[in-house]
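Counting starts at 1 for both ligands and their atoms, following the listed order. What you see is a predicted model; the values in this text were computed from it and never measured.
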Amino acid sequence: MAESTDRTSNRSGSAQSDNVLAPGSGADSEYLRKLLDSIPALVASLNPNWEVEFVNQSLLSYLGKPLEELKDWKNSGVVHPHDLETAIASVAKADRTGEAFNMEVRCRRHDDSFHWFQIHAVPFRSSDGLIERWNVQMVDIEDRKHTEHALESRERDLRIAIDTMPVLAWSANPDGTADFFNEHFLTYTGLSSELAAGWGWTSALHPDDRAPLAAYWQTLVAEGHEGEFEARMRRFDGAYRYLLFRANPLRDDDGRIVKWFGTNTDINDRKEAEEQLRRSEAFLAEAQHLTRIGRFSWCVATGEIRWSEELYSMFDFEPGATITFDLIASRCHPDDLSYLSDMHYRASQAMRDLEYEHRVIMSDGRVKYLHLIAHAREDAGETLEYIGAAQDVTQRRLGEEALAKARQELANVTRATSLGVLTASIAHEVNQPLAGIITNASTCLRMLDGTPPNVDGARETARRTIRDGNRAAAVIARLRSLFGQKKIVAGPINLSEVAQEVISMSASELHGRRVSLQQELADDLPLIQADRIQLQQVILNLLRNAADAIEGVTDRPRAIRITTARDGAHVYLAVRDAGIGLDPLLGETIFEAFNTTKPNGMGIGLSVSRSIITAHHGLIWGEQNDGPGATFTFSLPIQPPTEDTMNA
Ligand code: ADP
């Protein structure tokens, strides 16, 4: 031990005395030795040259070596080779400073196993202050070391767990200064733990969010409760992203906050998706507002109805009010209430699509026209749900109604005008022969009344009467031929196709008259030989009559059904309406010309239709329905008569 050579002044002669721990009498020394041997502590004493001079019994037994082998402790093999350097350094330092010291080293036990020891060495000085002894106490700390190791490795595991967790984690002191950031946090922000520590992490916050988040964090720290905050933080690549900051205080048994723990979660993608959703919802709401379209859904089983904002304002309902059929009915035009029950009925029959146009009356008496379309779909639970849209078509409808009215008025004027012209020309053509007949007949009577009667003259005037009569008949025949059948241009036609053409032509008119048209057109009809234009005229006439018959109906759906089908050797077409039905007093006369029950009717539609169908060797008839309304049907033979027979 180099340190001991220049410290001879520390040594005293009492190093050789019997009392190795303190100078004193022999009896005292013996007593002390016994005392030290009997206590369970491990103690030893070294002279100022760091040679072991005394080892108590407990320590001797523990080490399993005699004192002689322990004297030169560095070479005794007691201290673990790995710890020898530490031990020598500690001793050298104590030798220099003369101060007590502690060291932890592994020492070999009697069973050759190494145990960790804490060695506490205290200098014993003589009255003149020189060091006479180093008294040493050794404490077996093997168990403590084990616990420490276990703790260390648990801490290491915990650190690895915290670092590998896919969140940014941190902890802070009770005053809010950050003292730890996990690996993810540092990688994410690109900050070093030194830069981030304390309040350094706030440098990564978006300038606009720095003050608000710092203020919030200080409030949390002051009030001592958990909390969360959304703020933008700069990522290592310079991009600012939204993070959710969450902090929780950890308290000791007295309720004092000893630590804050927190996580930051990147919610940028979610935020962006939310923003996009919000924007597209806003667009949709705006589009709905512009187009006056509202959306709704209706779960048939539960009766739950959900409306979009636009629909609430369309019906003038308080936004968010619970929508029920009763509530809707309270706004529905009384004449259109039947649509609601029809809707229920169709839904109960699981019909896929619904389409209605009906009126609603606002609280201020305004009438709105709504066009509603809904499509049924079944979700995974097989519950039927309708998804639909309703459009406010008031402006369009009012425009169409005004247009239809104008058209109707124009048609009436044209009809009246052409009727007037026709009447005038008939009057003109027929008047002359009629006047001739009357004059001739009077002359004839006068001649016969003479005495003697002028028989020859009377014969002549009677002949002239016949001539004028024939002229009048010829005028009528000419007129009939003017209105009569034109030559049929027969070609192969499909009756369903012709019906479809007429439906397309009259769709807007029917729609304008708020008539819903249902079609059941057979798609496998055989072709027939017929005049397409003339058949179109017939179908158009039947549809118009049906719409006329429905005009005043308000207590049931204003529906017309057009059907085509094959029946044996014939194809037929039927137009069924829910209108006022046939007048029983009229009977078959409705097919005769100029028979009409309508104020503006001419009564020639059905007569022309019959002449066309008859010319095609078909039949046309009308009958009263079981329920309300009438059905007009015509049938045509599939085997075409030759063109000659048709035009005969
Ligand atoms: P107009 O339609 O000009 O009256 P039509 O010859 O087409 O002439 O019809 C004659 C009459 O037949 C009508 O005025 C009406 O009384 C009756 N009629 C025709 N179709 C129907 C119908 N679908 N329902 C009830 N009555 C009808």
Side-chain angles (χ1 to χ4, degrees), residues 404-405 407-423 479-480 482-486 498-499 502-503 505-507 509-520 533-564 572-616 618-635:
K405 198 159 162 245
R407 228 188 258 145
Q408 186 62 40
E409 278 167 6
L410 189 67
N412 284 345
V413 170
T414 318
R415 201 182 276 173
T417 317
S418 49
L419 203 61
V421 171
L422 184 70
T423 317
L479 279 172
R480 276 196 63 188
L482 205 66
F483 288 100
Q485 311 99 320
K486 298 201 178 83
V498 179
V502 178
I503 290 168
M505 271 191 275
S506 42
E509 181 188 335
L510 292 175
H511 202 74
R513 298 175 72 173
R514 297 194 303 101
V515 170
S516 82
L517 183 68
Q518 297 154 10
Q519 22 178 314
E520 287 170 18
I533 306 287
Q534 290 195 352
L535 285 192
Q536 282 180 351
Q537 264 178 17
V538 175
I539 301 169
L540 191 65
N541 186 49
L542 295 185
L543 280 181
R544 282 207 175 130
N545 277 349
D548 287 346
I550 243 168
E551 192 67 47
V553 169
T554 54
D555 59 345
R556 51 184 183 268
R558 297 154 62 88
I560 297 178
R561 195 167 71 222
I562 179 165
T563 315
T564 56
Y572 70 88
L573 179 146
V575 175
R576 180 190 174 93
D577 64 60
I580 47 171
L582 295 175
D583 183 341
L585 296 177
L586 292 176
E588 274 293 296
T589 59
I590 51 172
F591 286 99
E592 288 166 15
F594 305 117
N595 245 330
T596 179
T597 51
K598 303 172 194 167
N600 295 318
M602 282 181 70
I604 55 168
L606 284 180
S607 90
V608 169
S609 298
R610 186 160 66 174
S611 66
I612 291 173
I613 296 301
T614 312
H616 282 80
L619 283 174
I620 181 164
W621 67 95
E623 56 198 340
Q624 185 66 31
N625 292 338
D626 275 349
T631 302
F632 279 79
T633 312
F634 66 78
S635 75

How does N595 reach ligand 1, by side chain, by backbone, by both or by neither, if only non-hydrogen atoms under 4.0 Å count?
backbone
Main chain of D577, side chain of N625: is a donor-acceptor contact present, judged purely on distance under 3.5 Å?
yes
In Å, rounded to the nearest 0.5 Å, how long is the span from OG of S635 to NE2 of H616?
12.5 Å
Atoms of ligand 1 under 4.0 Å from any heavy atom of I590, numbered from 1 in the order shown, are 6 (O), 10 (C), 11 (C), 12 (O), 17 (C)
If you measure only the distance, is there a donor-acceptor pair under 3.5 Å linking the side chains of D583 and T597?
no
Applying a strict 4.0 Å limit to heavy atoms, is G581 in contact with ligand 1?
yes
R576 (side chain) donor-acceptor with T633 (main chain) under 3.5 angstrom:
no
Any I580 heavy atom less than 4.0 Å from ligand 1:
no
Side chain, backbone, both or neither: which part of F591 has a heavy atom under 4.0 Å from ligand 1?
neither
Ligand 1 to D548 polar contact by distance, N or O atoms, under 3.5 Å
no
Please check if the side chain of Q624 supplies one atom and the backbone of G581 the other of a donor-acceptor pair under 3.5 Å.
no
Atom indices of ligand 1, in the order listed, that fall short of 4.0 Å to a heavy atom of F632
19 (C), 20 (N), 21 (C), 22 (C), 23 (N)
Salt-bridge present (E592, R610; N to O < 4.0 Å)
no
So, does R558 use its side chain to make a donor-acceptor pair with the main chain of R514 at under 3.5 Å?
yes
Side chain or backbone, does S607 bring an N or O within less than 3.5 Å of an N or O on ligand 1?
no
Under a heavy-atom criterion of less than 4.0 Å, does L582 contact ligand 1?
yes
